[in-house]
Visitor: 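Let me give you the structure first, and then I'll get to my questions.
Worth saying up front: this structure is predicted, and the values here are computed from it rather than measured. In what follows, every chain begins at residue 1, and chains take the letters A, B, ... in the order their sequences are listed.
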Amino acid sequence: MPDTEKDSTALDNPVKNESASSLDFIRAIIAEDLKAGKNNGRVATRFPPEPNGYLHIGHAKSICLNFGIAAEHPGGTCNLRFDDTNPTKEDVEYVESIKEDIKWLGFDWGDRLFYASDYFEQLYQYAVQLIKAGKAYVCDLSPEEIRNTRGTLTEPGQNSPYRNRSVEENLELFERMRAGEFEDGSRVLRAKIDMASPNLNMRDPTIYRIRRVTHHRTGNKWCIYPMYDFAHCLSDSIEGITHSICTLEFENNRPLYDWFLNELNVKCHPRQIEFARLNLSHTVLSKRKLHELVEGGYVSGWDDPRMPTLAGLRRRGYTPEAIRNFCDRIGVAKRDSLVDIALLEYYLREDLNKRAPRVMAVLRPLRVVIDNYPEDQVEELVAENNPEDPSMGSRKIPFSRILYIEQEDFREDPPKKFFRLAPGREVRLKHAYYIKCTDVVKDKDSGQIVELHCTYDPATRGGWSSDGRDVKGTLHWVSAAHSIPAEVRLYDHLFIKENPNEVEPGHDFKDYLNPNSLEILTSCRVEPSLASAKPGSRYQFLRLGYFCLDPVDSVNGLLVFNRTVGLRDSWAKIEKAQGGKG
RNA sequence: UGCAGGAUCGGCUAAUGGUAGGCCAGAUGACUCUGGAUCAUCCAGUCCAGGUUCGAAUCCUGGUCCUGCAGCCA
């Protein structure tokens, strides 16, 4: 029973074995810092998700980067820190899923699990310190007024009328904000920097707001919450992070990141480095859009196998190794790019080819009667589990007089280069016998082919012929009486458009959803060994692709397989080149 | 029109003043009990214009194009 795939690369060392000359720019910066003797030779990174959605493959890039870098340096560490400063959007469901996904990807934060909310008291004290230094003030302007006085990209903003409150007044007001004396939105704490700065982030940014919302960890202890820019740099500093790696859109926030740390004169001042986030073709990688797909019912949930979320990819049958190899290959740079999803699929196939046991399954069954095969005879034929890896052994599969083959493996009028079965033609049944088609039975009314009659050559048992005769085609098959029913879900790209983020005027990204991204086949027949398949286990259905037993919907003895990815199909290319299906 | 960034084969990414290389995709062939895998071959690039230099993807000058930023989101 081939239900255990090979754990092929699970023990691979995560350390990159690239030579020093081909370090990406972030690793090069870190190497320089080390060489310059910074941070006492320490390398400390962190992965800081906000628990407001599920992790996707773009996060995997960041996880591989941060955990990868830590692993490459002796004593290097990578913290998992939840950036939970906005309770209106966050939820424990997300923190649990995030932890599960990181573990599944193969990374371990050990005892280094933190929450920005752990630092709320410290952060508050830092804010007090800033007020005492005359570098922050309580502002009574409404959100609209703040926006209206911020200026524009080309014009400076105006100072708030509350900008010059005394330290004492600010201290008192801020304390009362914390005490809950003011309405939500009535006041904020702002950094006092420069309303004329060409960098909008420096125009007296808000650092605390009042929000009477229950926080998933601190409950109702707080009614004021720090903003990202304030909380993030200080959380990094508190944790002793040396290199704070984030995506490009935070480039303009770096001066603010540094400003807080400088003004507060902290001992640890991490270096923020920005890289380009991943974009993948034929999908979207923005939490907002992913939320929209989930909430709008366009997919079945965050773990819909069509989703680029780690939960979705896992359910689809992706392996952590494939995702990690992909992340290593795409590199790290500062230019925006759109990576072809074919590259991800390449690494998937590469990994699955090595580890997935082969089985036979017929998705669209066509009945075949072997006329010269004894009526009640059943043979057990030996089939290798993986030609790539003999150590995976073999299994027995039953052969009998009535079989199913794939409908598309027979053509009454075969086009050029079609090597499969046709009237009068002989093909090999994988691991079994050569068979020759002698008759085609059609439904009288519809003209549909309902059954084939064939003869087999007993001398070709096992699929070999001793007379030197060769056949062009080899088909997969199952014995009708012994095969078991299954449902198979065929997936295709979620979006029809290579880059769904590129929206034409008058359109929405959802207009580019692929209407054929899911096809459900309910009358499939699979070989009997699959009866004991375990949820989540992966197989190669011979000649078809890689499939994974769906862990959610395979209940009450019903087998539901997800197509993880198809095999490369050169016949499909030939056929396409010949001008469509015949 | 402000500020911050970025432009290398079709896609992704190396080369850090010295042979523009790799992977994916595509094409062709070999091999094969999976039209899978594997192997081989091919295709194909330095945004533009000047300059420095024996030598420039790399340095300088000037352009062009692209991305991000005006949340009490992160």
Side-chain angles (χ1 to χ4, degrees), chain A residues 18 21-22 24 28 48-50 52 83 85-86 88-89 139 141-143 146-148 150-157 184-190 197-203 205-211 224-225 227-229 231-232 246-255 274 276 281 287-288 329-347 349-350 353-354 358 360 383-384 387-388 417-420 428-432 434 460 462-465 470-476 498 540-545 566-575:
Chain A
E18 241 100 343
S21 61
S22 71
D24 60 64
E50 185 191 10
N52 67 345
D83 218 334
T85 57
N86 183 3
T88 57
K89 292 183 173 177
C139 181
L141 256 26
S142 70
I146 288 182
R147 193 185 330 120
N148 293 337
R150 188 156 24 228
T152 68
L153 292 176
T154 51
E155 296 157 335
D184 283 19
S186 62
R187 281 182 167 87
V188 292
L189 183 71
R190 289 227 253 171
S197 171
N199 181 340
L200 291 285
N201 293 121
M202 302 300 273
R203 319 243 260 227
T206 298
I207 58 181
Y208 266 92
R209 75 286 219 193
I210 304 171
R211 271 235 219 304
I224 57 170
Y225 292 96
M227 297 286 289
Y228 165 84
D229 287 297
H232 199 87
C246 61
T247 43
L248 246 32
E249 67 269 27
F250 293 100
E251 223 157 8
N252 295 331
N253 298 55
R254 181 161 20 104
E274 312 85 12
S281 71
K287 276 193 201 167
R288 198 211 94 217
R329 203 76 188 80
I330 56 176
V332 181
K334 294 197 76 159
R335 92 180 78 153
D336 311 290
S337 59
L338 178 63
V339 178
D340 193 339
I341 198 166
L343 187 62
L344 213 211
E345 293 171 341
Y346 168 82
Y347 283 107
R349 291 192 187 100
E350 180 190 62
N353 177 50
K354 286 181 297 187
R358 273 60 170 169
M360 292 202 282
E384 63 192 344
E388 299 292 317
K417 293 189 178 169
F418 183 86
F419 302 148
R420 284 111 98 143
R428 169 169 38 236
L429 256 22
K430 181 77 178 174
H431 305 306
Y434 287 10
T460 57
W464 291 102
S465 171
D470 199 16
V471 291
K472 269 290 207 183
T474 300
L475 310 187
H476 60 276
E498 187 176 38
Q540 184 193 104
F541 286 2
L542 222 61
R543 303 208 306 134
L544 296 173
L567 252 24
R568 284 186 64 229
D569 189 349
S570 47
W571 163 242
K573 282 178 195 168
I574 293 169
E575 195 178 34

Visitor: Got a donor-acceptor pair under 3.5 Å from the side chain of Arg335(A) to the base of rU67(B)?
Guide: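 Answer is no: no donor-acceptor pair is held.
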Visitor: Work out how far the C1' atom of rG29(B) is from that of rG17(B), and round it to whole angstrom.
Guide: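 These two C1' atoms come out 41 Å apart once rounded.
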Visitor: Does any N or O in the side chain of Thr460(A) come within less than 3.5 Å of the main-chain N or O of Gly463(A), such that one atom is a donor and the other an acceptor?
Guide: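 Judged by distance alone, no pair lies under 3.5 Å.
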Visitor: Based on the glycosidic angle (syn within 90° of 0, else anti), state the conformation of rG50(B).
Guide: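 The base of rG50(B) is oriented anti (glycosidic angle more than 90° from 0).
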Visitor: Measure the distance from CE on Met227(A) to C1' on rG71(B) and round it to the nearest whole Å.
Guide: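 One finds 6 Å between C1' of rG71(B) and CE of Met227(A), rounded.
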Visitor: When the P atoms of rU58(B) and rA7(B) are compared, how many Å lie between them, rounded to an integer?
Guide: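 12 Å, rounded to whole Å.
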Visitor: Please figure out whether Ser337(A) or Phe419(A) has its closest RNA chain B nucleotide nearer the 5' end.
Guide: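 By nearest-heavy-atom nucleotide position, the 5'-most residue is Ser337(A).
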Visitor: Does a side-chain N or O of Ser570(A) approach OP1 or OP2 of rG36(B) to a distance below 4.0 Å, or not?
Guide: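 So the side chain of Ser570(A) is within the cut-off, an N or O lying under 4.0 Å from OP1 or OP2 of rG36(B).
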Visitor: Given rG2(B), rC72(B), rG36(B), identify the nucleotide with an atom nearest to the side chain of Arg211(A).
Guide: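 Nearest listed nucleotide: rC72(B).
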Visitor: Taking the side chain from Thr152(A) and the backbone from Thr154(A), do they hold a donor-acceptor pair closer than 3.5 Å?
Guide: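 Here the side-chain-to-backbone pair exists.
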Visitor: What is the distance, to the nearest angstrom, from the NZ atom on Lys430(A) to the C1' atom on rU32(B)?
Guide: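 That distance rounds to 9 Å.
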Visitor: So which atom in Asn252(A) and which in Asn199(A) form the shortest heavy-atom distance, rounded to 0.1 Å?
Guide: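 Looks like O-ND2, 2.9 Å.
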Visitor: Whole-Å distance between rG71(B) P and Glu249(A) CD?
Guide: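 Taking atom P of rG71(B) as the reference, CD of Glu249(A) is at 16 Å.
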Visitor: Among the candidates rC3(B), rG6(B), rG71(B), find the nucleotide nearest to the side-chain atoms of Lys334(A).
Guide: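 The answer is rG6(B).
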Visitor: Sub-3.5 Å donor-acceptor pair from the side chain of Arg358(A) to the main-chain atoms of Arg543(A), do we have one?
Guide: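 Judged by distance alone, no pair lies under 3.5 Å.
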Visitor: Counting any heavy atom closer than 4.0 Å, what does Phe418(A) reach on the DNA or RNA strands: base, sugar-phosphate only, or nothing?
Guide: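 The answer is base, as Phe418(A) lies within the cut-off (heavy atoms under 4.0 Å) of a base atom.
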Visitor: Please give the distance between the P atoms of rA4(B) and rU19(B) as a whole number of Å.
Guide: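 Roughly 34 Å separates the two P atoms.
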Visitor: When you match Val332(A) and Leu544(A) each to their closest nucleotide on RNA chain B, which lands nearer the 5' end?
Guide: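 Closer to the 5' end of RNA chain B: Val332(A).
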Visitor: Pick base, sugar-phosphate or nothing for Ala333(A), based on heavy-atom distances below 4.0 Å to the nucleic acid.
Guide: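 Sugar-phosphate contact only - Ala333(A) comes under 4.0 Å of backbone atoms but never of a base.
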Visitor: Are OP1 or OP2 of rU32(B) and a side-chain N or O of Arg543(A) less than 4.0 angstrom apart?
Guide: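 Checking rU32(B) against Arg543(A), no side-chain N or O comes under 4.0 Å of OP1 or OP2.
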Visitor: Across nucleotides 23-29 of chain B, 5' to 3', mark each nucleotide with B, S or - according to how protein heavy atoms within less than 4.0 Å reach it.
Guide: SS-SS--
Visitor: Would you say that Ile207(A) contacts Asp229(A) through its side chain, given a criterion of any heavy-atom pair below 4.5 Å between the two side chains?
Guide: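 No, side chains not in contact.
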Visitor: Can any side-chain N or O of Arg211(A) pair as donor or acceptor with the backbone N or O of Ile224(A) at less than 3.5 Å?
Guide: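 Checked: no pair found.
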Visitor: Say you pick atom P in rG26(B) and the same atom in rC31(B); how far apart are they, in whole Å?
Guide: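 Approximately 23 Å lies between the P atom of rG26(B) and that of rC31(B).
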Visitor: When the P atoms of rA27(B) and rU32(B) are considered, how many whole Å apart are they?
Guide: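 23 Å, rounded to whole Å.
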Visitor: Determine if Trp571(A) stacks with rG35(B); use a centre-to-centre distance below 5.5 Å and an interplanar angle below 30° as the criteria.
Guide: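 One would call Trp571(A) stacked on the rG35(B) base.
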Visitor: Say we look at rA25(B) and rC59(B): how far apart would their C1' atoms be, to the nearest angstrom?
Guide: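 Nearest-Å result for rA25(B) against rC59(B) at atom C1': 35 Å.
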Visitor: Give RNA chain B the dot-bracket treatment, 5' to 3': Watson-Crick (N1-N3 with N6-O4 or O6-N4) or G-U (N1-O2, O6-N3) under 3.5 Å, [ ] crossing, | other strand.
Guide: .((((((..((((....[..)))).(((((.......)))))....(((((..]....))))))))))).....
Visitor: Would Glu274(A) and Arg254(A) satisfy salt bridge (Lys or Arg N to Asp or Glu O under 4.0 Å), going step by step from the backbone distance to the final call?
Guide: CA-CA 9 Å; Glu274(A) 312 85 12; Arg254(A) 181 161 20 104; 2.6 Å; yes
Visitor: In sequence, state the C-alpha distance, the side-chain angles, and the governing distance for Lys334(A) and Glu251(A), and then conclude on salt bridge (Lys or Arg N to Asp or Glu O under 4.0 Å).
Guide: CA-CA 11 Å; Lys334(A) 294 197 76 159; Glu251(A) 223 157 8; 2.8 Å; yes
Visitor: I need the CG-P distance between Leu153(A) and rA70(B), as an integer number of Å.
Guide: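 In whole Å, rA70(B) P lies 8 Å from Leu153(A) CG.
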Visitor: Are side-chain heavy atoms of Asp83(A) and His232(A) found at a separation under 4.5 Å?
Guide: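 Counting from C-beta outward, Asp83(A) and His232(A) do come under 4.5 Å.
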Visitor: In whole Å, measure the gap between the C1' atoms of rC48(B) and rC65(B) for me.
Guide: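 My reading of the C1' atoms in rC48(B) and rC65(B) gives 10 Å.
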Visitor: How many Å lie between CZ on Arg358(A) and P on rG36(B), as a whole number?
Guide: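 Roughly 13 Å, once rounded to whole Å.
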Visitor: For the ring pair Trp571(A) and Phe419(A), is the centre-to-centre distance below 6.0 Å?
Guide: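 No: the rings miss the under 6.0 Å criterion.
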Visitor: With respect to the phosphate group of rA74(B), does any side-chain polar atom (N or O) of Arg209(A) fall under 4.0 Å of OP1 or OP2?
Guide: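 Checking rA74(B) against Arg209(A), a side-chain N or O does come within under 4.0 Å of OP1 or OP2.
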Visitor: How is Asn253(A) classified with respect to the nucleic acid when contacts are heavy atoms under 4.0 Å: base, sugar-phosphate, or nothing?
Guide: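 Asn253(A): base contact, heavy atoms under 4.0 Å.
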Visitor: Can you tell me the distance, in whole Å, between the CG atom of Asn252(A) and the C1' atom of rA74(B)?
Guide: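 Checked: the CG to C1' distance equals 14 Å.
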Visitor: Check every atom of rG2(B), rC69(B), rC73(B) against the side chain of Lys89(A) and return the nucleotide holding the closest atom.
Guide: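 Side chain of Lys89(A) sits closest to rC73(B).
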Visitor: Any donor-acceptor pair under 3.5 Å between the side chain of Glu388(A) and the base of rG36(B)?
Guide: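 Result: at least one qualifying N/O pair found.
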Visitor: What nucleic acid atoms does Thr206(A) come within less than 4.0 Å of, heavy atoms only: base, sugar-phosphate, or nothing?
Guide: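 The answer is sugar-phosphate, as Thr206(A) gets under 4.0 Å only of primed atoms, P, OP1 or OP2.
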Visitor: Can you confirm whether Met360(A) sits close enough to Phe541(A) that some side-chain heavy atom of one is under 4.5 Å from a side-chain heavy atom of the other?
Guide: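 Sidechains of Phe541(A) and Met360(A): no contact.
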Visitor: For the P atoms, the ones on rC24(B) and on rC66(B), what distance do you get once it is rounded to whole angstrom?
Guide: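 Roughly 32 Å separates the two P atoms.
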Visitor: Any side-chain to backbone donor/acceptor pair from Thr247(A) onto Ala276(A)? Under 3.5 Å, distance only.
Guide: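 Not confirmed, Thr247(A) side chain does not pair with Ala276(A) backbone.
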Visitor: Does Thr85(A) make a side-chain N or O approach to OP1 or OP2 of rA74(B) shorter than 4.0 Å?
Guide: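 Yes, within the criterion.
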Visitor: To the nearest angstrom, how far is Glu350(A) atom CD from rG36(B) atom P?
Guide: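 That distance rounds to 17 Å.
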Visitor: For Leu141(A), which contact category applies under a 4.0 Å heavy-atom criterion: base, sugar-phosphate, or nothing?
Guide: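 Leu141(A): base contact, heavy atoms under 4.0 Å.
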Visitor: Any base atoms under 4.0 Å from His431(A), or only sugar-phosphate, or nothing? Heavy atoms, all strands.
Guide: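 It contacts base atoms.
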Visitor: Could you tell me how far apart Leu200(A) (CG) and rA4(B) (C1') are, to the nearest whole angstrom?
Guide: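 Taking CG of Leu200(A) and C1' of rA4(B), I get 11 Å after rounding.
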